[in-house]
Number of protein chains: 2
Amino acid sequence: VKVTAIAGGTGAAKLLRGLAACLAPRDLTVIGNTGDDAEVWGLYVSPDLDTITYALAGRLDTARGWGLAGDTFRCLGAMAELGAETWFNLGDRDLATHLARTAALGAGAPLSIVTADIARSLGVDARVLPMSDDPVRTRIRVAGATAAGDDWLTFQEYFVREKALVEVLEVAYAGAPRARPAPGVVEAIAEAELIVICPSNPVTSIGPVLAVPGIPAALTAARAPIVGVSPIVSGTAVSGPAAQLMRVRGIPVSPVGVAQAYAPWLGVLLIDSGDRACVPGLLAQGVTPVLTEILMPDHEREVALARRVLEAPGV
Amino acid sequence: VKVTAIAGGTGAAKLLRGLAACLAPRDLTVIGNTGDDAEVWGLYVSPDLDTITYALAGRLDTARGWGLAGDTFRCLGAMAELGAETWFNLGDRDLATHLARTAALGAGAPLSIVTADIARSLGVDARVLPMSDDPVRTRIRVAGATAAGDDWLTFQEYFVREKALVEVLEVAYAGAPRARPAPGVVEAIAEAELIVICPSNPVTSIGPVLAVPGIPAALTAARAPIVGVSPIVSGTAVSGPAAQLMRVRGIPVSPVGVAQAYAPWLGVLLIDSGDRACVPGLLAQGVTPVLTEILMPDHEREVALARRVLEAPGV
């Protein structure tokens with residue numbers, strides 16, 4: 001079955017590892033969020049694309065959920081000595097990815113080609129596509145000025161530097177109105193036999209993808225069933241600041257809110273067995289709920305959840 | 001005594017370590033060659049300025065003569081996997097220097113400020129100045145095309161990639177006619193009580209410095225004695241391709257040739273005791289020869305040679 005998955009970072013990486021274990025690698029296409037992309041030390045860093053690529057290469061540091069397993073941080077230590085900002089952790093081998101990407105982008109290559117080249121070099125057979133070759137950047141407006149004196153933060157400033165501890169007033173996707181889907185994105189949605197919305201933050205991981213003009217329409221027009229996995233369990237996010245950001249957007253912090261964020265094209269939503277109370281709300285929105293074990297603490301559970309996705313009603 | 005030294009890389013680093021051991025740190029100013037500067041993986045690399053700075057910080061890998069002692073090469077290994085050119089070795093901690101410099105230059109800071117900031121961060125009290133904030137690049141024209149198909153090579157392509165094994169036809173200093181001495185360079189020459197020409201390649205280490213308009217005139221006008229240390233011993237270079245490049249320039253590969261390259265302002269030249277035969281030739285050029293032990297295999301000999309420089313006739 002040809003699967004196209006829309007993915008953010010850590011949570012998505014788990015499900016993607018599970019899907020990769022169940023599918024022929026060439027049957028998996030991943031459309032990754034680039035709203036978190038950032039410039040660090042002058043380098044173009046793409047946290048979600050890297051997490052996806054490293055996960056599919058079997059190299060992700062699964063304990064941290066980002067970066068390369070076994071990486072060292074010697075350059076980071078030297079940067080600190082030189083007085084550089086070091087709140088964003090870049091490992092020594094991870095740096096190579098950012099250096100290679102920055103150089104290739106600087107030479108005029110689009111992000112989609114650079115991403116494919118990096119994935120191929122790391123031995124990934126699945127297709128990894130950025131949502132867009134054009135810059136879309138998630139911006140978070142926070143209450144009061146931060147220590148750095150700004151009120152509109154980049155996602156990494158909000159999430160990594162401020163540790164998501166500041167009050168959020170507003171989320172925007174800068175550049176989105178002018179962005180076009182990257183080559184292959186609309187086709188991957190149209191030609192898929194199953195579309196998976198990974199258990200990622202609906203506001204800052206899947207939200208930026210859906211902010212790219214043409215992508216929601218492609219999802220609405222898709223012939224394949226669209227199956228999501230809820231990133232919310234028992235009223236809180238499995239990881240990250242999804243709950244806070246959904247609240248800011250006025251979306252209920254529950255699987256019902258997730259379904260609302262993915263209306264009208266979401267067909268099925270996998271939710272945790274403990275969230276049985278959400279079933280009527282999902283049915284009322286026309287979304288078929290599937291109750292299952294949502295958490296993926298190990299690879300076995302990643303594969304088990306991927307199987308449940310592949311066996312969802314209508315697939 | 002206030003000393004201003006003109007320096008290339010490896011050989012200069014040894015003498016500078018010796019001088020630093022004999023002087024109050026603030027009495028030492030080093031004018032470094034930037035003709036070897038290169039872009040590697042999109043980063044601005046300044047091999048001679050870094051060798052000088054690392055040497056004065058006590059951090060140079062003295063066995064290799066470049067890079068930081070104890071550095072690792074994990075990013076380099078990852079770059080190789082990504083298909084990048086890896087003939088130029090950049091260590092993981094060394095990378096921080098290039099990242100910080102590239103970011104600062106990109107933000108509009110001149111090389112002289114960036115160089116001073118890096119030196120200060122690494123605990124260097126001596127002053128390290130680039131010869132110029134403007135780009136001057138040594139270019140080497142070689143016979144026949146190299147494997148890469150080019151005949152005008154950058155210095156690093158010639159020296160590191162081709163290992164100086166190709167026949168050289170011509171050496172040029174691209175950009176030199178439009179370059180200005182960096183702020184402080186002319187003053188450091190004018191105000192010095194002793195000017196030292198380090199034992200560096202006269203063509204590709206000291207040559208680019210002398211190609212910057214205004215620097216030869218400053219040397220000619222200087223009130224301080226100018227004392228050189230020969231990089232040539234017994235008709236060969238102590239290290240590197242100086243002999244081949246002097247031949248291309250039509251300069252004898254001997255201390256006499258070195259004196260010729262530094263006419264008319266060189267006053268004293270320290271030469272190896274074995275090169276006694278060059279004494280008449282030097283005297284004929286008006287240069288006072290000092291016979292001594294030129295090689296610096298250990299720190300004791302670095303200090304001993306520095307003392308000989310500081311005791312040279314006229315100082």
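Keep in mind the model is a prediction, meaning the values are calculated, not measured. In what follows, chains are A, B, ... by sequence order, proteins preceding strands, each numbered from 1.
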>> Show, in sequence, the C-alpha distance, side-chain angles and deciding distance for B:Asp92 and A:Leu95, and conclude whether the side-chain contact (heavy atoms from CB on, under 4.5 Å) test is met.
In response: CA-CA 9 Å; B:Asp92 295 321; A:Leu95 259 178; over 6 Å; no

> Quick check: are there more than 12 heavy atoms from other residues, nucleotides or ligands sitting under 6.0 Å from CZ of B:Arg141?
Replying inline: yes

>> Looking at chain A, which one of B:Ala107, B:Ala104, B:Gly42, B:Ala78 has the largest number of heavy-atom pairs inside 4.5 Å, strictly under?
In response: B:Ala78

>> Does A:Arg64 have more than 12 heavy atoms from other residues, nucleotides or ligands lying within 6.0 Å of its CZ?
In response: yes

>> Please classify the contact between A:Asp71 and chain B as side chain, backbone, both or neither, with a heavy-atom cut-off of under 4.5 Å.
In response: both

>> Salt bridge or not between A:Glu81 and B:Arg120? Use side-chain N to carboxylate O under 4.0 Å.
In response: no

> Heavy-atom distance under 4.5 Å to chain B: side chain of A:Ala100, backbone, both or neither?
Replying inline: both

> What heavy-atom pair brings B:Gly77 and A:Arg93 nearest, and what distance separates the two atoms?
Replying inline: C-NH1, 4.1 Å

> Tell me, do A:Leu122 and B:Leu82 make a side-chain contact under 4.5 Å, heavy atoms counted?
Replying inline: yes

> So which part of A:Leu43 gets closer than 4.5 Å to some heavy atom of chain B, the side chain, the backbone, both or neither?
Replying inline: side chain

> Could you state the interatomic distance from CH2 (A:Trp41) to NE2 (B:His98), rounded to the nearest 0.5 Å?
Replying inline: 13.5 Å

> chain B heavy atoms under 4.5 Å from A:Thr102: which part of the residue, side chain, backbone, both or neither?
Replying inline: neither

